[in-house]
**Student:** 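Structure below; questions to follow.
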Amino acid sequence: MARQNTLASTRSISVRQTGMAMRDVKIWLWTVIDFCANGATQVNGMFGPTLIASQGYSTQTAQLLTALTNFMAFSGMASIAYIAKYAKGSSNAIALSNVVTIVGFLLALLAPSNSAVPQLAALILFSFASPQPAAHGPAWEMANQQGSTKPAMAAAITSAFGGLGPLATAFVYRDKDSPAFVLGHSVCLSMTVTCLLATALLRWMLDAENNRRDKEPCDISHLTTEQVLDLADNHPDFRYKI
């Protein structure tokens, strides 16, 4: 924390860094990622039992299958560190999870609604993959923040607005749409695609800025210590994690 200049006890709140956080397009892209991820990840937890019951399973079988999808969701969250390591970065891990989730929603939409096996396979896929971006996103964001105030402001913005994602999917899985649930799957699919596009754009922006700083060194020797600290992640020596 000392290396990242985030020891709150040594400095007062920086008004400059607060403004920087509010104007930072990157933080708002992380917020979009978090919003979409939080929306799509609710499908299994909130509507999994409904989706399973719509396939005509007995009560006991439905309970067993619900336990299976919940276990897949748990496995997906438990493996996020390994997936990030395997994918070589948070942005790649988010993209990979998004692609798997998209496959799941497409399968749910394209397979016959009364075909239990493909529908269950779809639910297992997005139960496993959809929660992961909601964990990778904030970790990726915090790894790319610096300063005494900006990291806290970034976390506050993303949590406040990104956390509203479940509201977008709370009412799209309606009983009258059973068993196809086209509206619900379509909304969640579009949110996952948006998450993937926002991730790709953000990754491109971070990579471009890193390359610019490598090619165009900036002399900040004329700045005071306070001014240097207020540069936060705009410091010319700072490199964003992809």
**Student:** Treating Thr149 as the side-chain partner and Gln17 as the backbone partner, does any N or O pair qualify as donor plus acceptor under 3.5 Å?
**Tutor:** no
**Student:** Taking Arg23's backbone N and O only, do any of them form a donor-acceptor pair with Trp28's side chain (distance below 3.5 Å, no angle check)?
**Tutor:** no
**Student:** Among side-chain atoms of Thr158 and Glu141, is any donor-acceptor pair under 3.5 angstrom?
**Tutor:** yes
**Student:** A side-chain contact here means heavy atoms from C-beta on lying under 4.5 Å apart; do Ile80 and His136 qualify?
**Tutor:** yes
**Student:** List the steps, then state whether side-chain contact (heavy atoms from CB on, under 4.5 Å) holds for Gln55 with Leu120.
**Tutor:** CA-CA 9 Å; Gln55 297 302 312; Leu120 179 61; over 6 Å; no
**Student:** So, Ser178 side chain and Asp175 main chain: donor-acceptor pair closer than 3.5 Å or not?
**Tutor:** no
**Student:** Members other than Leu29 in its cluster, when Ile, Leu, Val, Met, Phe, Trp, Tyr link by side-chain heavy atoms under 4.5 Å?
**Tutor:** Val25, Trp30, Ile33, Ile94, Trp140, Leu201, Leu202, Trp204, Met205, Leu206, Phe238, Tyr240, Ile242
**Student:** Establish, from distance only, whether the side-chain atoms of Asp34 and Asn38 form a donor-acceptor pair under 3.5 Å.
**Tutor:** yes
**Student:** Leu229 vs His235, test: side-chain contact (heavy atoms from CB on, under 4.5 Å). Steps then yes/no.
**Tutor:** CA-CA 8 Å; Leu229 292 174; His235 194 289; over 6 Å; no
**Student:** For the side chain of Thr61 and the backbone of Tyr57, is there at least one donor-acceptor N/O pair under 3.5 Å apart?
**Tutor:** no
**Student:** With the side chain counted from C-beta on, respond yes when Met72 and Leu123 share a heavy-atom pair under 4.5 Å apart, and no when they do not.
**Tutor:** no
**Student:** Any non-hydrogen side-chain atom of Leu231 less than 4.5 Å from a side-chain atom of Gln146?
**Tutor:** no
**Student:** State yes or no: do Ile157 and Leu167 share one hydrophobic cluster built from I, L, V, M, F, W and Y residues joined by side-chain heavy-atom distances below 4.5 Å, directly or via other members?
**Tutor:** no
**Student:** Using a distance-only test with no angle check, is there a side-chain donor-acceptor pair under 3.5 angstrom linking Thr192 and Asn98?
**Tutor:** no
**Student:** Taking Tyr82's backbone N and O only, do any of them form a donor-acceptor pair with Ser79's side chain (distance below 3.5 Å, no angle check)?
**Tutor:** no
**Student:** Is there a path of hydrophobic side-chain contacts, each under 4.5 Å between heavy atoms of I/L/V/M/F/W/Y residues, joining Leu189 to Leu51?
**Tutor:** yes
**Student:** Within the distance-only criterion (no hydrogens, no angle test), does the side chain of Ser115 pair as donor or acceptor with the backbone N or O of Ala111 below 3.5 angstrom?
**Tutor:** no
**Student:** For a quick test of reading the model, state the closest non-hydrogen atom pair linking Gly104 to Ala122 and the distance between them.
**Tutor:** O-CB, 3.2 Å
**Student:** After noting the C-alpha distance and the side-chain angles of Phe161 and Phe35, does the key distance pass the ring-ring contact (aromatic ring centres under 6.0 Å, His included) rule?
**Tutor:** CA-CA 7 Å; Phe161 294 102; Phe35 178 88; 9.7 Å; no
**Student:** Does a side-chain heavy-atom distance below 4.5 Å link Asp177 with Val182?
**Tutor:** no
**Student:** Transitively linked via ILVMFWY side-chain contacts under 4.5 Å: Leu106 with Val172?
**Tutor:** yes
**Student:** Any side-chain heavy atom of Asn234 within less than 4.5 Å of one from Met20?
**Tutor:** yes
**Student:** Do you reckon Val187 sits in the same ILVMFWY cluster as Phe126, going by side-chain contacts under 4.5 Å, direct or chained?
**Tutor:** yes
**Student:** So, do Pro236 and Ile220 sit near enough that their side-chain heavy atoms are less than 4.5 Å apart?
**Tutor:** yes
**Student:** Answer yes or no: is there a donor N or O on one side and an acceptor on the other, between the side chain of Asp207 and the main chain of Arg203, under 3.5 Å?
**Tutor:** no
**Student:** Which ILVMFWY residues can you reach from Val15 by hopping between side chains whose heavy atoms are under 4.5 Å apart?
**Tutor:** none
**Student:** May I ask you to decide if Ile83's main-chain N or O and Gln132's side chain share a donor-acceptor pair within less than 3.5 Å?
**Tutor:** no
**Student:** With a 4.5 Å heavy-atom cut-off, do Lys241 and Ser90 have their side chains touching?
**Tutor:** no
**Student:** To the nearest 0.5 Å, what is the distance between NZ (Lys26) and CG (Asn144)?
**Tutor:** 8.5 Å
**Student:** Under a 4.5 Å cut-off applied to non-hydrogen side-chain atoms, are Thr101 and Phe105 in contact?
**Tutor:** yes
**Student:** Taking Val43 as the starting point, is it possible to reach Ile124 by hopping between hydrophobic residues whose side chains are less than 4.5 Å apart?
**Tutor:** yes
**Student:** Could you tell me whether the side chains of Thr69 and Thr66 share a donor-acceptor contact shorter than 3.5 Å?
**Tutor:** no
**Student:** Report the relative orientation of the aromatic rings in His185 and Tyr173; use parallel for angles under 30°, tilted for 30 to 60°, perpendicular for over 60°.
**Tutor:** perpendicular
**Student:** Does CZ belonging to Arg213 count more than 12 external heavy atoms closer than 6.0 Å?
**Tutor:** yes
**Student:** With rounding to the nearest 0.5 angstrom, report the NE2 to CG distance, His222 to Asp219.
**Tutor:** 7.0 Å
